[in-house]
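Since the structure comes first, as structure tokens, the remarks are kept for the end.
What you see below is based on every heavy atom in this structure, not just the backbone, and it leaves out hydrogens, waters and symmetry mates. Throughout, protein chains are lettered first and strands after them, A, B, ... in sequence-line order, and every chain is numbered starting at 1.
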Protein chains: 2
Amino acid sequence: MATRKRRTPELAREEILEAAETRLQKYGLEGLNVADVAADCGMSHATVIHHFGNTAGMRSALVSRMTHRLLHDIIDSLQQGITQPEPLLHKLFGTLSEGGHARLLAWTHVSEEALDQDQARTAHMQSLFAELVPALTDSLPAGKADPDLTRKLIFLSAIAAIGYGIAGETLAPLIGLAKKDQKQFPDWFAEQINKLSNTP
Amino acid sequence: MATRKRRTPELAREEILEAAETRLQKYGLEGLNVADVAADCGMSHATVIHHFGNTAGMRSALVSRMTHRLLHDIIDSLQQGITQPEPLLHKLFGTLSEGGHARLLAWTHVSEEALDQDQARTAHMQSLFAELVPALTDSLPAGKADPDLTRKLIFLSAIAAIGYGIAGETLAPLIGLAKKDQKQFPDWFAEQINKLSNTP
DNA sequence: ATCCCTATTGACATAGTTGTCAATAGGGGT
DNA sequence: ACCCCTATTGACAACTATGTCAATAGGGAT
């Protein structure tokens, strides 16, 4: 029909994931189907499937991309000498609670089809964490002193941020948390992490 | 055709939710559709829809039921004089990480259709938390002294348990948490909560 | 210019699931 | 025994979304 736009595979994937990410924030997970994503890119849904194999592949790639960006932001911060928990945790909580990041992450663990893509994504995650965790234990105040404790605190921070991103908005009023306390929760949490890492 | 089994509406709903819960643990969220649930109950899927309005209604009712049970277990423990964080948090983390509880909870926050059922479920949750939170602040060691801090700690416990239930299994090895530390994480977490609530 | 690889596409097949509806049949109340 | 309410059902009608396939057309290489 009309003229087609031919892209390199890399560019095509990039465009698709970009559109997918926008749709995710705008419409949530339901908006993350090949037909609509393709429409936003101005291509047919068959093209999307061609590049990612299937729908789950596309979503999975998006998870990888978003997580990759988040973890590398943190790694970059560390390399810039930012070693206090506050800014790091702020970024962690903020990113996960915005743009549907935590929700997409939840889909990863909730959906059966997502499991098919698991090996690839897990491998990618492994390499990311293999880079991040040592960087954290090295640069955090109490990291070298007690790497074991540090790993537990990292783990706690991660699951808390995920839970916060998914259910925080709902849970806070139910528990009777003041609006202000809700907003400042990541900062408060960082304080507590500080206290716990200084306790011998 | 063959003879029908006629139940009271209450019993029917009960049977359906029971089967749904079993399917949830066995097959995850994908197993939670009216057709399969109905088959497990030995009834037609039209009956399920008759009792819950639609599929989302059934899932939503299941969320309510499971959460109700969890929170009431905790309330009961409190009334039996169990006021140390350890056993309470143990129950919280354990329940959420088993039987797909946290995952179903995530669906609540991830799915658009779930939002239609939100008012009813939110109302139910409000009444549950209205019962639980005062009970906690009253009976917990540091509760009366600093109810504000206590609410924050409750909030932290809740989101941590949810994140743990969803992603804990995946995250622990990536962060390099020893298997032992992973298993005992809820206990360790309880310790930290203790420390934080004793800090003035 | 010509060739060739492959990104792109429209049409199609299909699978799965949901929700509706009129008809049927338990079983409690009289 | 008879009525009546409603739980139950099978069949039907979409719809949604996915994935396949053969055909088409960019655009780099020769």
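Within the 4.5 Å cutoff, the side chain of Leu71(B) has no heavy atoms near those of the Glu131(B) side chain. Using a 4.5 Å heavy-atom threshold, the side chains of Leu132(B) and Leu128(B) count as separate. Taking 4.5 Å as the limit, every side-chain heavy atom of Asn33(A) sits out of range of all side-chain heavy atoms of Tyr27(A). Using a 4.5 Å heavy-atom threshold, the side chains of Val37(A) and Val34(A) count as separate.
The CD1 atom of Ile16(B) sits 13 Å away from the C1' atom of dT9(D) (whole-angstrom rounding). Remark: P of dT6(C) and CG of Leu11(A) are 18 Å apart, rounded to the nearest angstrom. Atom NE2 of His45(A) is separated from atom P of dG19(D) by 8 Å (rounded to the nearest Å).
Salt bridge present: Arg69(A) and Glu21(A) bring a charged side-chain N and a carboxylate O closer than 4.0 Å.
Contacts between residues 21-37 of chain B and DNA chain D, defined by a heavy-atom separation below 4.0 Å, involve no residue at all. Listed by residue number, Ala46(B), Thr47(B), His50(B), His51(B) are the residues of residues 46-65 of chain B with a heavy-atom contact under 4.0 Å to DNA chain D.
Between the side chain of Arg6(B) and the base of dT6(D) there is at least one donor-acceptor pair of N/O atoms closer than 3.5 Å.
Considering only side-chain N and O atoms, Arg4(B) lies nowhere under 4.0 angstrom from the phosphate OP1 or OP2 of dA7(D).
Between the side chain of Ser197(B) and the backbone N or O of Asn194(B), at least one donor-acceptor pair lies under 3.5 Å.
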### Task
Carefully, step by step, assess Thr150(A) and Leu136(A) under the rule side chain to side chain contact (heavy atoms under 4.5 Å, CB included).
CA-CA 8 Å; Thr150(A) 304; Leu136(A) 277 169; 5.5 Å; no
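Ring pair Phe155(A)/Tyr164(B) is perpendicular by interplanar angle, where above 60° counts as perpendicular and below 30° as parallel.
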